[in-house]
2 protein chains.
Amino acid sequence: MGIPHRPRGAIKTQSDKHPAAKALHSVGMKVTPQRQGILSVLDFARRPLSVEEISQRLSEPRPGLSTIYRNLERFIQEGWAESMPGSDQIMRFLKCHSGAHHHHIQCEECGCVVEVGACEIEPLLREAKDLGGFTITRHRLQLFGLCPTCLVKPQIG
Amino acid sequence: MGIPHRPRGAIKTQSDKHPAAKALHSVGMKVTPQRQGILSVLDFARRPLSVEEISQRLSEPRPGLSTIYRNLERFIQEGWAESMPGSDQIMRFLKCHSGAHHHHIQCEECGCVVEVGACEIEPLLREAKDLGGFTITRHRLQLFGLCPTCLVKPQIG
DNA sequence: GTAGCTGCAAAAACTTTGCACACAC
DNA sequence: GTGTGTGCAAAGTTTTTGCAGCTAC
């Protein structure tokens, strides 16, 4: 047990089994175990991960770091992932579940991230006068706070 | 010529001449030419500068890069400067003229940055319900647009 | 005079690149 | 079979660290 038996004939590329494979297919990218692995790791992650962290979460044999870098770049191009530069030099990556305009809230305690769909900032900006004469074309909002779990949990110290 | 003669007696530390020196003094940092230079470069910059760019704008003899890094770190601690991670790996630094909560608008064309003092986002966040149960503690808003100059100037292409 | 600061050089950390081989299609 | 993708290793960049000497105070 554990290994489900696979109906033969249904196996060739498993392209239509996992959504990841489907997505890769749809943009003309080859469906490789490495890509599926990286996408899967990002899917399960609840906070932005560095390349190193992504590598650690991948099962052996692990793809080379360069493979991870190269694929993340493509995923970002496709709008599947986002890079989140932090205060350190390390770039962290996050999967975007919504293709539309959205923002992220990150918990200051545990680092988990959720997407916030509704963006009510645009109208605000339209009204704002004192923007130094700038015409706003886009914005980026990062929210920080405490997630429900960490809010309940008493802070250490 | 070239070298202005300096009234003797007025020279000791010039601590009370430049605001930079004053500021350094006020937090117990020694007033060195390197620090004054870096602060001055940041003061004149209209867009975030990388360490390399700061170095290039300093007059000979230039401080070592490590000196620039070390001082930027302190300036950020003091709230005089801010680091702005971009899409590349390079950290860029910007002088904050307001100590209070503020945001930046960056021109997508020329890269210049201005501060926006009034932040009308807080009340908005307080009303917002669908934040996944998060309690917002702080936020970071980056605005991008076209500055008045670039708005007038016809785009190339 | 002393603590703090700087310069230099070496090391560290992160990311990119080149090329031969492998694999998805 | 072909072209894309991968692994490995080397190089490139940016940033940090250690230490001896210097300088602001």
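We name chains A, B, ... by the order of the sequence lines, and we start the count at 1 in each one. Below, each value reflects all heavy atoms present in this structure, side chains not excepted, and no hydrogens, waters or symmetry copies. Fair warning: this is a prediction, and the values are worked out from it, not measured in the lab.
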Is there a donor-acceptor contact under 3.5 Å from the side chain of Gln106(A) to the main chain of Gly111(A)? yes
For Ile38(B) and dG7(C), what is the distance between atoms CD1 and C1' respectively, to the nearest whole Å? 13 Å
Return the value, rounded to whole Å, for the distance between atom CZ of Phe93(A) and atom C1' of dC14(C). 11 Å
Taking NZ from Lys30(B) and P from dT2(C), how many angstroms apart are they, rounded to a whole number? 12 Å
Distance, rounded to the nearest Å, where Met29(A) contributes CE and dC25(C) contributes P: 12 Å
Just say parallel, tilted or perpendicular for the rings of His101(B) and His139(B), cut-offs at 30° and 60°. perpendicular
Can you tell me how far P of dA24(C) sits from NE2 of His25(A), to the nearest Å? 12 Å
Should the pair Arg47(A)-Glu53(A) be classified as a salt bridge under the 4.0 Å nitrogen-to-oxygen rule? yes
Keeping Arg46(B) on the side-chain end and Cys112(B) on the backbone end, is there a donor-acceptor pair under 3.5 Å? no
N/O (side chain, Tyr69(A)) to phosphate O (OP1/OP2, dT16(C)) under 4.0 Å: no
Output yes when a side-chain donor or acceptor of Thr137(A) lies under 3.5 Å from a complementary backbone atom of Phe144(B), and no otherwise. yes
In B/S/- notation (B base, S sugar-phosphate only, - none; protein heavy atoms under 4.0 Å), nucleotides 6-13 of chain D written 5' to 3' is BBB-----
Tell me which of Gly28(B) and Glu52(A) sits closer to the 5' end of DNA chain C, going by the nucleotide each one is nearest to. Gly28(B)
Given atom CD1 of Ile76(A) and atom C1' of dT15(C), what is their separation to the nearest angstrom? 13 Å
Set of residues satisfying ring-ring contact (aromatic ring centres under 6.0 Å, His included) with respect to His104(A), sequence neighbours excluded: His102(A)
For Met91(A) and dT15(D), what is the distance between atoms CE and C1' respectively, to the nearest whole Å? 15 Å
Output the rounded distance in Å from CD (Glu60(B)) to P (dG7(C)). 12 Å
